[in-house]
Amino acid sequence: MIKVLFVCLGNICRSPTADGVFRKKLFEQGLADHVEVDSCGTGDWHTGKAPDQRAQAAARKRGYDLSGLRARTVQLSDFDTFDFILAMDDNNLTDLLNMAPLHHHSKVRLLLDYAPVTGLKAVPDPYYEGADGFEQVLDLVEQACDGLLDHIKAN
Ligand code: 4NP
């Protein structure tokens, strides 16, 4: 079993989107029983909440159901549990690396490392943006999830 954790700030916009997108791709490729997926936030303001309604609506239009997800905060045991810990932006990455035991640093990367074609390093935070921000999150996350899936299949 390979375990993947997507991480953003609030765990209500970007990382639950990645969670829902990656889960669906795994299911479609018959890999859902081989890869476990979860998401969390570096901040705790939204713990227990469902994903932002705007993120859910944008995802739903592309066939992803985020409604069952609930926000949680990253915890120290996540660095033992997960094989891939994928941050949405540099702030998330720095927070994770400050928290992670040194021997687990290699697990912690930016999600968009798996989508070099985008030319971006970070999935921009859509929380204070309009609907376009959520479409961009989906565009970037879909490309990165394809790249991540190719990487996992190849290894
Ligand atoms: P996320 O977006 O990190 O993609 O879930 C945010 C959600 C909430 C806040 C910031 C970003 N906030 O400041 O409450």
Side-chain angles (χ1 to χ4, degrees), residues 1-52 55-56 58-60 62-118 120-123 125-126 134 137-155:
M1 195 73 157
I2 293 168
K3 298 183 180 179
V4 178
L5 181 66
F6 297 106
V7 186
C8 62
L9 177 59
N11 192 209
I12 56 169
C13 297
R14 292 167 293 175
S15 62
T17 297
D19 188 326
V21 168
F22 199 52
R23 240 176 243 278
K24 182 153 188 254
K25 288 183 184 293
L26 290 168
F27 182 76
E28 286 169 350
Q29 301 211 13
L31 293 169
D33 291 340
H34 300 281
V35 185
E36 191 175 304
V37 186
D38 197 5
S39 68
C40 67
T42 57
D44 64 1
W45 313 283
H46 300 283
T47 295
K49 283 198 207 157
D52 186 288
Q56 288 198 51
R60 198 178 305 118
R62 298 194 195 189
Y64 308 110
D65 179 11
L66 310 185
S67 64
L69 302 174
R70 294 295 177 268
R72 73 169 180 87
T73 314
V74 64
Q75 51 193 43
L76 206 48
S77 60
D78 288 327
F79 297 103
D80 285 320
T81 303
F82 290 91
D83 304 296
F84 293 84
I85 300 173
L86 301 173
M88 298 296 141
D89 65 32
D90 271 321
N91 289 330
N92 312 147
L93 183 72
T94 301
D95 289 344
L96 289 168
L97 290 173
N98 283 338
M99 188 179 172
L102 269 180
H103 64 284
H104 286 323
H105 275 207
S106 61
K107 296 178 173 182
V108 183
R109 301 186 61 169
L110 287 167
L111 174 64
L112 292 191
D113 286 355
Y114 294 98
V117 67
T118 63
L120 293 179
K121 282 185 71 187
V123 181
D125 183 349
F134 290 86
V137 168
L138 278 160
D139 290 342
L140 294 171
V141 160
E142 284 180 334
Q143 290 180 78
C145 284
D146 284 338
L148 175 61
L149 199 48
D150 287 345
H151 173 82
I152 288 174
K153 285 195 288 193
N155 292 274

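Predicted, not measured: the structure shown is a model, and the values here were computed from it.
- Using a 4.5 Å heavy-atom cutoff, the side chains of Leu26 and Phe22 are in contact.
- For the residue pair His104 and Asp80, a side-chain donor N or O sits within less than 3.5 Å of a side-chain acceptor on the partner.
- Asp83 places a side-chain N or O within donor-acceptor distance of the main-chain N or O of Lys3, the cut-off being under 3.5 Å.
- Here the CD-NZ distance, from Glu142 to Lys24, works out to 9.0 Å after rounding to the nearest 0.5 Å.
- Distance alone, capped at 3.5 Å, places no donor-acceptor pair between the Lys121 side chain and the Leu110 backbone.
- With Leu86 as reference, Leu148 is the one residue of Val123, Leu148, Val108 to meet the side-chain contact (heavy atoms from CB on, under 4.5 Å) rule.
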Item to complete: Mind running side chain to side chain contact (heavy atoms under 4.5 Å, CB included) on Asn91 and Leu9 for me, showing each step along the way?
Response: CA-CA 8 Å; Asn91 289 330; Leu9 177 59; over 6 Å; no
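- For the residue pair Met88 and Cys8, the shortest heavy atom distance occurs at CG-CB, 3.6 Å.
- Between Met99 atom CE and His105 atom NE2 the span is 11.0 Å, to the nearest 0.5 Å.
- Contact of the Lys153 side chain with the Leu31 side chain is registered, since non-hydrogen atoms from C-beta on lie closer than 4.5 Å.
- Note that CD1 of Ile2 is 8.5 Å distant from CG of Asn155, once rounded to the nearest 0.5 Å.
- Here the straight-line distance linking atom CG of Leu69 with atom CG of Asp19 works out to 5.0 Å at 0.5 Å rounding.
- Side-chain contact between Cys40 and Val7: present, with at least one pair of heavy atoms (C-beta onward) separated by less than 4.5 Å.
- Smallest separation of non-hydrogen atoms from Lys107 and Phe79: NZ-O, 2.6 Å.
- Taking all atoms of both residues into account, the shortest heavy-atom contact from Val117 to Gln143 is CG1-OE1, 3.6 Å.
- Nearest heavy atoms, Gly43 versus Thr73: O-OG1, 3.8 Å.
- In this structure, the side chain of His46 does not engage the main chain of Asn11 through any donor-acceptor pair within 3.5 Å.
- In this structure, the side chains of Phe6 and Val141 stay at 4.5 Å or more apart for every pair of heavy atoms.
- For the pair Leu93 and Asp90, the minimum side-chain heavy-atom distance is below 4.5 Å.
- Scanning both residues, Ile12 and Ala50, for their nearest heavy atoms gives CG2-O, 3.8 Å.
- Nearest heavy-atom pair, Ala18 versus Leu111, reported as atom, atom and distance to 0.1 Å: CB-CD2, 4.5 Å.
- If you take CZ on Arg23 and CG on Asp65, they are separated by 10.5 Å, rounding to the nearest 0.5 Å.
- Proximity of Asp139 to Arg62: side-chain heavy atoms (C-beta onward) are separated by under 4.5 Å at one or more points.
- Side-chain atoms of Asn98 never come within 3.5 Å of backbone atoms of Asp95 as a donor-acceptor pair (strictly under, hydrogens ignored).
- In this structure, Gln56 contributes its side chain and Pro51 its backbone to a donor-acceptor pair below 3.5 Å.
- How far OH of Tyr64 is from OG1 of Thr17: 10.0 Å, rounded to the nearest 0.5 Å.
- Looking at Asp38 and Arg72, their side chains come closer than 4.5 Å, going by heavy atoms from C-beta outward.
- The main-chain N or O of Asp89 is found under 3.5 Å from a side-chain atom of Asn92 such that the two form a donor-acceptor pair.
- Residues Leu149 and Tyr114 are not in side-chain contact: their nearest non-hydrogen atoms beyond the backbone lie 4.5 Å or more apart.
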